[in-house]
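Comments concern the structure below.
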Amino acid sequence: MTIRPIYLISFTPPNDPGIIHLPMLATKWRHPTIDLTRYDGIILTSKNGIEALERIDPAWKSVPVLCVGKATQRRAEELGCKVLAVSDGYGNGFYDIVRTRYADKRWLYARPKVVASDFAQRLRDDGIAVEEAVVYETRCEAKKVTEKIAENAVLIFTSPSAVACFQSWFDFHPAQGIVVIGHTTGKSVPDRPVHVAQEPTVASCISLAKQLAKEP
């Protein structure tokens, strides 16, 4: 049985030699001035948000956080940060958690330059105090990828930025399978069926991709 190749479009390579990493995403760190005393909590939508805050002010860890997914949670806890809750989704997940459980708190959304959800504005429209700080931006360096991508490959996308970057340099082939880390990323894939990972983690994406790779 022929196994279809699997490509991962993400910032970091996986701990799986059977997965081909396409290193087309890079991070540019921002350094805004942040007064941590203004906030009761921080919203983190990726591990990059954590690394950015570490560069800006290591004292951020004294402020409790909301995290997207287990990977971001683990990184926050490794650094000694108190995690209030973990969202299993990006926009609606954070919106529901804050609105129903922490509406009386003051929040900082440590965000990338480009976001795929308006949950922060929706929370402000509900009268909840949410301020935003752009702490990093994602750069597309797809031209550095020299890998010839198989027409029957399974592609894993870990963010809407990964989808946009891939599209800037490559075309989707009808025979390719697409795995996404969550519904927000799935919505950024144009006019193609996608398979959403059971959990918003790279490991869950890879597990699903391996199942698809066995299909003809």
Side-chain angles (χ1 to χ4, degrees), residues 9-11 25-30 32 34 39-53 60 63-76 83-140 155-168 178-202 204-205:
I9 298 91
S10 66
F11 286 100
L25 299 178
T27 304
K28 179 180 179 181
W29 306 110
R30 295 286 196 90
I34 298 176
Y39 310 107
D40 301 307
I42 299 174
I43 298 171
L44 298 168
T45 55
S46 73
K47 289 190 292 184
N48 275 347
I50 292 176
E51 304 310 324
L53 289 172
W60 75 273
V63 183
V65 299
L66 298 179
C67 296
V68 64
K70 294 179 180 178
T72 305
Q73 176 190 13
R74 283 195 297 269
R75 182 57 179 151
V83 176
L84 294 174
V86 180
S87 170
D88 59 1
Y90 181 41
N92 286 336
F94 282 115
Y95 175 79
D96 291 340
I97 289 172
V98 174
R99 184 175 59 85
T100 60
R101 298 165 59 181
Y102 302 106
D104 60 335
K105 305 299 183 183
R106 299 169 299 170
W107 292 96
L108 169 67
Y109 173 22
R111 49 162 279 196
K113 181 180 179 181
V114 177
V115 296
S117 171
D118 64 348
F119 74 86
Q121 183 58 54
R122 291 166 60 201
L123 288 169
R124 286 192 292 271
D125 291 343
D126 289 344
I128 299 171
V130 180
E131 296 182 10
E132 302 179 48
V134 177
V135 296
Y136 70 96
E137 62 181 276
T138 299
R139 294 290 185 89
C140 178
L155 308 173
I156 300 174
F157 293 101
T158 56
S159 67
S161 295
V163 176
C165 184
F166 181 90
Q167 282 189 279
S168 72
I178 300 176
V179 173
V180 294
I181 201 166
H183 292 286
T184 300
T185 301
K187 291 177 182 178
S188 68
V189 179
D191 304 319
R192 291 293 306 275
V194 300
H195 302 268
V196 181
Q198 187 173 1
E199 296 180 347
T201 65
V202 172
S204 184
C205 287

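For reference, positions follow the sequence shown, starting with 1.
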Looking only at heavy atoms, which two atoms of [X] and [Y] are closest? And how far apart?
| X | Y | result |
| --- | --- | --- |
| C140 | S168 | SG-OG, 3.5 Å |
| S161 | L25 | O-CD2, 4.1 Å |
| P193 | I178 | O-CB, 4.2 Å |

In the structure I gave you, are the side-chain heavy atoms of [X] and [Y] within less than 4.5 Å of one another anywhere?
| X | Y | value |
| --- | --- | --- |
| I34 | V135 | yes |
| V134 | P32 | no |
| V86 | V68 | no |
| K28 | K113 | no |
| I181 | T201 | no |
| W107 | I128 | yes |
| T158 | V180 | no |
| L66 | V98 | yes |

**Asked** So Y109 and F94, ring-ring contact (aromatic ring centres under 6.0 Å, His included) or not? Walk me through it.
**Response** CA-CA 10 Å; Y109 173 22; F94 282 115; 7.5 Å; no

**Message:** List the residues meeting side chain to side chain donor-acceptor pair (under 3.5 Å) with S46, not counting sequence neighbours, and say none if there are none.
**Reply:** Y136

**S188 side chain vs T185 backbone, donor-acceptor pair below 3.5 Å** = yes

**Asked** Is there a donor-acceptor contact under 3.5 Å from the side chain of S204 to the main chain of P200?
**Response** no

**Residues T72, I50; criterion side chain to side chain contact (heavy atoms under 4.5 Å, CB included); working and verdict** = CA-CA 8 Å; T72 305; I50 292 176; 3.8 Å; yes

**Request:** Mark yes when over 12 heavy atoms from residues, nucleotides or ligands other than H183 sit less than 6.0 Å from its NE2; otherwise mark no.
**Result:** no

**Item:** Over 12 non-hydrogen atoms of neighbours within 6.0 angstrom of CD in Q121
**Value:** yes

**Request:** Not counting sequence neighbours, which residues clear salt bridge (charged side-chain N to carboxylate O under 4.0 Å, His left out) with E132? List them please.
**Result:** R111, R124

**Complete:** Residues passing the salt bridge (charged side-chain N to carboxylate O under 4.0 Å, His left out) test with R30, sequence neighbours excluded, are E137

Any chance you could measure [X], atom [atom1], to [Y], atom [atom2], to the nearest 0.5 Å?
| X | Y | atom1 | atom2 | answer |
| --- | --- | --- | --- | --- |
| R101 | D96 | CZ | CG | 11.0 Å |
| C205 | I9 | SG | CD1 | 10.5 Å |
| L108 | I42 | CG | CD1 | 5.5 Å |
| R99 | L123 | CZ | CG | 8.5 Å |

**Request:** Quick one: do V179 and F157 satisfy side chain to side chain contact (heavy atoms under 4.5 Å, CB included)? Show the steps, please.
**Result:** CA-CA 6 Å; V179 173; F157 293 101; over 6 Å; no

**Request:** Run the numbers on T100 and Y95 for side chain to side chain contact (heavy atoms under 4.5 Å, CB included), then give the verdict.
**Result:** CA-CA 8 Å; T100 60; Y95 175 79; over 6 Å; no

**Prompt:** Hey, mind stepping through K105 and Y39 against side chain to side chain contact (heavy atoms under 4.5 Å, CB included) and telling me if it holds?
**Reply:** CA-CA 8 Å; K105 305 299 183 183; Y39 310 107; over 6 Å; no

**Asked** Would you say the side chains of Y102 and D40 form a donor-acceptor pair under 3.5 Å?
**Response** no

**Message:** Which residues pass the side-chain contact (heavy atoms from CB on, under 4.5 Å) test with A129, not counting sequence neighbours?
**Reply:** R106

**Asked** Restricting to pairs with a member in residues 186-199, which pass salt bridge (charged side-chain N to carboxylate O under 4.0 Å, His left out), not counting sequence neighbours?
**Response** K70-E199

**Fill in**
Residue set satisfying disulfide (SG to SG under 2.5 Å) with C67, at least two apart, ordered chain then number -> none

